[in-house]
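Only one structure is covered here, and it is reproduced in the block below.
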Amino acid sequence: MSTPTSIENISTILVIGAGTMGRQIAMTAALAGYATTIQDISEDGLAAARAELEAWAAGRVAKGKLNGETAAAALGALAYSTDLDSSAANADFVIEAATERLDIKTQIFERLGKLAPAHAILATNSSTLGSSKVAEATGRAAQVCNMHFFNPALVMKCVEVVRHESTSDATVETTMELARRLGKEPVLINREIPGFIANRLMGAVQREALFLADSGIASIEDIDTTARTALGHPMGPFALMDLVGLDVIDFIAQATHAETGAAEDAPNPRIASMVSEGKLGRKSGAGFYDYR
Ligand code: CAA
């Protein structure tokens, strides 16, 4: 007999948040054959997500990387909604990828706890907030975990599944299996720790890269080149920070530092001042590099 949260019970997925992560997570789910709703409070955000995903699919078909029928089926499997309540009512699995604010996430999870079917798993894509922070608000803490994707989510294979103290084994197993069915290679994190695995590793490289650049030891271009040509990283740490978004990097550092208090986790002043100047990386047209 299947458990209430088993993979067999999952056919519809709700992704909350139409931003960079949410839209690509939703497309990944749609490509895997799941009926997927993207919910966002902003009509403009939903329209931008739809336009980007349609353009992405058309580009893949034109390049011969995606079959036209598969693309059409995936686009057809996607629904867009501003209404959280009705979207949650028939979701078997929810992936929240909204703003990284605890007050907003808590409100969302409280509503999900009331509205989603009893068997539904409620996951957060958050990289900074462990799901224990929102689990109690749902009234079904055992069915809550982090399911953390990486940017660009249509490409990156890793999904970090993070359990909190009360997450059930069935929730972990189903979330891991869902990630596999989405074509990912999930890893399990048994205990909440700021930054999980990937952002801790990435943070260590970034800290060292910033030290080398800030000390005038090497240019950001040469540091990035070295990461690629000596270490085989697909992109250097500065190019990667621009891809992730300097506001996101700064936020992760703030959140991590607030929790650990460790000097090495403190936000970098150079990044903080770039953020205040509106230099957020690729999405704003400039960061460590110029994209205009
Ligand atoms: N969206 C969708 N697909 C994309 C994409 C995007 N933004 N950018 C690149 N791709 C696809 C391309 O279409 C291409 O696909 P095909 O090979 O099938 O045609 C493939 O990715 C490779 O792209 P490119 O040839 O243009 O460039 P590349 O080889 O340099 O790859 C990259 C681009 C995949 C981004 C690669 O550079 C990479 O892996 N970079 C590191 C990314 C990374 O570390 N991400 C994690 C960030 S941390 C995070 O997300 C967590 C957090 O909490 C902040």
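Numbering of ligands and ligand atoms starts at 1, following listing order. Numbering of residues begins at 1 and proceeds along the displayed sequence.
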Within the structure, does at least one protein heavy atom fall under 4.0 Å of atom 31 (O) of ligand 1? no
Identify the residue among D169, N190, T171 that makes a side-chain hydrogen bond (donor to acceptor under 3.5 Å, both in side chains) with R163. D169
Please work out whether the ring planes of F150 and H148 are parallel, tilted or perpendicular, with thresholds of 30° and 60°. tilted
Protein non-hydrogen atoms only, distance under 4.0 Å: does atom 44 (O) of ligand 1 have such a neighbour? yes
Verify atom 13 (O) of ligand 1: protein non-hydrogen atom under 4.0 angstrom away: yes
Would you tell me which option among T28, N151, N125 has the nearest heavy-atom contact to atom 50 (O) of ligand 1? N151
Atom 17 (O) of ligand 1: protein heavy atom closer than 4.0 Å? yes
Checking heavy-atom distances from atom 35 (C) of ligand 1 to each of P152, A153, C158, the winner is P152
So, for atom 20 (C) of ligand 1, does the protein have a heavy atom nearer than 4.0 Å? no
Atom 10 (N) of ligand 1: any protein heavy atom closer than 4.0 Å: yes
Please compare N199, I249, V155, L201 and report which has the shortest non-hydrogen distance to atom 34 (C) of ligand 1. V155
Between K133 and the options E165, E192, E259, the salt bridge (Lys or Arg N to Asp or Glu O under 4.0 Å) test singles out E259
